[in-house]
Amino acid sequence: MPLTVAIIGNPNTGKSTLFNALTGLQARVGNFPGVTVEKKIGRIKGTADPIDLVDLPGTYSLSPRSLDEMVSVNVLLGRQADVGKVDAVVCILDASNLERNFYLACQVLDLGLPTVIVLNMFDVATTRGAKIDIAALSKKLGVQVVATSAHRKEGLDALKAAIAAAVPNGPGPRPHPFPETFYAECHQLASKLAELGRSDAPSFLVERALLDVGGYLETEWLAGSDIAEPWKSALVESRARLKEAGCRVPAVEAKARYAWAKQTLSDVATAPAARAETLSDRMDRVLTHRFAGLLIFVVLMIVVFQAIFSWAEPLMGLCESGQSAVSSFVASLLSPGTLRSLLTDGVVAGVGGVLVFLPQIGMLFFFIALLEDCGYLARAAFLMDKVMSKFGLNGKSFVPLMTSHACAIPGIMATRVIEDRKARLATILVAPLMSCSARLPVYTLFISLFVPDEPLMGMRGARQGLTLFAMYALGIVAAALVAAVLRKTIFHGETPPFVMELPAYKWPSPWIVVSRVWDRMMAFVARAGTLIFAAAIVVWAGSFFPGDHSQEFEKQRFIEQAEATQADSLKHRTMLEESLGKLNERMASHPPATESERDEFQEKLATIEGGLAVLNAELKPLDDARVEVNHLRASSVEQSFLGRLGHLIEPVVKPLGWDWKIGVGTLLSFPARELVVTNLGIIYGLGQDVDESNQQLWSTIREATWPDGRPVYGVPVALSIMVFFSLCAQCAATLMTIRRETNSWRWPLVTFTYMTLLAYFAALVTYQVAIRL
Amino acid sequence: MSQTLDQLPEGQAATILDVEGDDAVAVRLLEMGLTDGESIRSLGAAPLGDPLEFEVRGYRLSLRIVEARRVRIRS
Ligand SMILES: Nc1nc2c(ncn2[C@@H]2O[C@H](COP(=O)(O)OP(=O)(O)OP(=O)(O)O)[C@@H](O)[C@H]2O)c(=O)[nH]1
Ligand SMILES: [Mg+2]
């Protein structure tokens, strides 16, 4: 049987960094049953006897106020069945902030388990001028104390040795921080409990029950049993007596434990006399300055969005060429037919069309990881709290909502930091409104197609960047309004508190940033490989069957043969077209001034046009066949299952300015919204022209017409599509996450319903207003 | 003279007298180290005027005005 060791500590003290360093990233990640707490277990590398490490969520105290917080306490007490008995605790403290961290250490030592105290961030403490006598501290506490710098993997061997020795050493002495009257009351309560038939409660739980007014142990622990009432009144009486004796609950706990911390640290640790003004303090003065701070915040957010849009482009080009290469390779192996269509139009076009967005997703997660790791996200919460509290949320909702811009799933999981249940639910329900990275494909596609690239105030791409920004803003505004409504109706209640530590700024750790970006990108690829893969095949089949494709394949074979035999002519034609373009350009920029110049130009033009005419005549059968294939394909899609479904729903989507193709593409992207790019590609019969698959998708969409010849797409339709995708709940994985985090089907259902209705009506209004402008 | 923490001018220090109430907010304030006798310094407010920032026990803590109002201090 391996030993089980739990890691506990304040938030942000390096627990996960240490956990990863000790276990070598081979963690089993899951959830504790019934609650929202993540369970992470891994085996320590390189120890004689096997030791399993459990990473618990960061906490400032062990006083359980909710079922979730009770999990950590239950794990530590060995009452959590799926972890089993915990043999030892590793309590991780931030060495640069010892006094505050010692509060939790005191509670942990009170558990009476074998304990190792880790002073992490020792490098930071040393640079700040703190001096800590490890040996003396260890002697005073009666447990092992180890100094580490987890991000540099310093002190890990000593820590491993200490963990291995902790169990044989047994528990250290309990701190005994409270006055004797308190312990007397606990004793009395324990005998009362035994009288009521519960003699199994450890003394730690009895102390906690007495200390936590209205806490889990008072209200829910024994709820439902007939001893709940006598237990409650015993607690109330005890507290009254303690108050008489000058030990008011709950203040007595903080007072006693902090006094113990001060006394313990008094002669073993010296903090620098006056806290010198650090670089972090000076940076903070600028970054939280009344004007500069807000300005920097807004500029930072705009830069991030602009960067995602323009910097990722070269990389996206690479992905596209990769996709084309794979597609041509497949096409070169097979002759036109159903199998080739499945592979190139279904699989490669479908999965590839989504993978193209990998660079943007990587870029977005890169920024979020960077801001989080350097400590700016906490400032963002500080800056934004006033705004968030207007909508009944708090500054802590900011990080989850900001993260939701990358993906709502980690965002929803990050709401665990919000203690207030109603504020947390409200945050979860509006998080999917934030424009996540899966919406980027839709925005990118329609913005680059329909928003002009003309410079605005001298900046190229500024219009496109601004439109993208507007789409993000729409999600944020909608979320704010919905949150305000929710807090006034179903989550009616007081505005939740905002008590938050502001960590010092630091250089982000490249390893942490890279590993977070990598994790997210791999998750996206895995999604593309499974869900999107399956969906692409379904959509392809829906658009391919039923239908007779023999004529189309015939033509396609002819085209490919002609392309092979007339390759030289095709190349020649491309060259001539290019020189014609260049010639016209030069004409436009330097109009011929003299007669002779004009003649010379006319002569050149005549030569090129003559050449082109010959080639065009020669290539006419090929060109005609290409046009015909497109017609054949379009009509076979229209007769397919998808086409019929599309015509069925057309009346519903017509008021949004959509035709049946958009309608069906959207309907089929409810499992995952980024599917729409794939779906449109397949529905428009693209992906077979392997050389320029994406170019083709784009121009085909632009040229699509209604039966009467009017163009389908234009700015109003593009806007209505983007608005719809911005507000709609098209992500099965998010809904599943909400179900898991709230432990009920009710909230995912509510989310799905309100978002879909909101999206439909907002798109309707957008289109109807835009066509009238 | 006793006042509440939200009235502490920027840059000045004071001694904490006590935290009112026994609800979750009070407990959280206590856990974060706002116990009687401890000294606390104001570092100013966020750009929009709320929340406030303090230095206590060698670290930085942010509180809303309504929460700071529950902490009695002596300057
Ligand atoms: N300077 C320094 N930074 C560290 C050290 N250990 C961890 N860090 C950094 O501290 C940050 C937080 O580390 P995490 O491991 O995520 O902290 P955590 O305790 O798991 O945080 P929560 O899970 O939020 O409670 C990361 O940016 C680490 O790179 C250290 O010893 N010295
Ligand atoms: Mg962690």
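Lettering of chains follows the sequences in order, A, B, ..., and the numbering in each one begins at 1. Not measured: the values here are computed from a predicted model.
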Shortest non-hydrogen contact between A:S389 and B:R64, atoms and distance:
CB-NH2, 3.7 Å
Would you say that more than 12 heavy atoms from the other residues, nucleotides or ligands in this model lie under 6.0 Å from the NZ of A:K506, or not?
yes
Considering non-hydrogen atoms only, spot the tightest contact between B:D50 and A:K386 and give its length.
O-CB, 3.5 Å
How long is the span from the CZ atom in A:R248 to the CG atom in B:D18, to the nearest 0.5 Å?
6.5 Å
With the threshold set at 4.0 Å, does a side-chain nitrogen-carboxylate oxygen contact exist between B:E38 and A:K262?
yes
Kindly indicate whether the side chain of A:L294, heavy atoms from C-beta on, has any atom under 4.5 Å from the side chain of B:L48.
yes
What's the separation between atom CG in B:D22 and atom CG in A:D212, rounded to the nearest 0.5 Å?
11.5 Å
Measure B:A68 against the heavy atoms of chain A and call it side chain, backbone, both or neither at under 4.5 Å.
neither
Donor-acceptor pair, side chain of A:E501 and main chain of B:Y59, under 3.5 angstrom
no
Bottom line for B:L29: the part with an atom under 4.5 Å from chain A's heavy atoms is side chain
Between B:G21 and A:P250, what is the shortest heavy-atom contact and its length?
O-CD, 4.5 Å
Any heavy-atom pair between the side chains of A:V499 and B:L61 that's under 4.5 Å?
yes
To the nearest 0.5 Å, atom CD of A:E99 lies from atom CZ of B:R57 at 4.5 Å
Does B:R28 make a cation-pi contact with A:Y60 (under 6.0 Å, within 45 degrees of the axis)?
no
Atom of A:Y258, atom of B:M32 and distance for their closest heavy-atom approach
OH-C, 3.4 Å
Under 4.5 Å to a heavy atom of chain A? For B:L52 that would be backbone
4.5 Å side-chain heavy-atom contact, A:Y103 and B:E31:
yes
Below 4.5 Å, heavy atoms only, C-beta onward: do A:F498 and B:S62 meet side chain to side chain?
yes
For chain B, which candidate among A:K255, A:E253, A:R257 shows the most heavy-atom pairs at distances under 4.5 Å?
A:K255
Steps toward salt bridge (Lys or Arg N to Asp or Glu O under 4.0 Å) verdict (A:D284, B:R60):
CA-CA 11 Å; A:D284 224 18; B:R60 286 160 162 236; 2.7 Å; yes
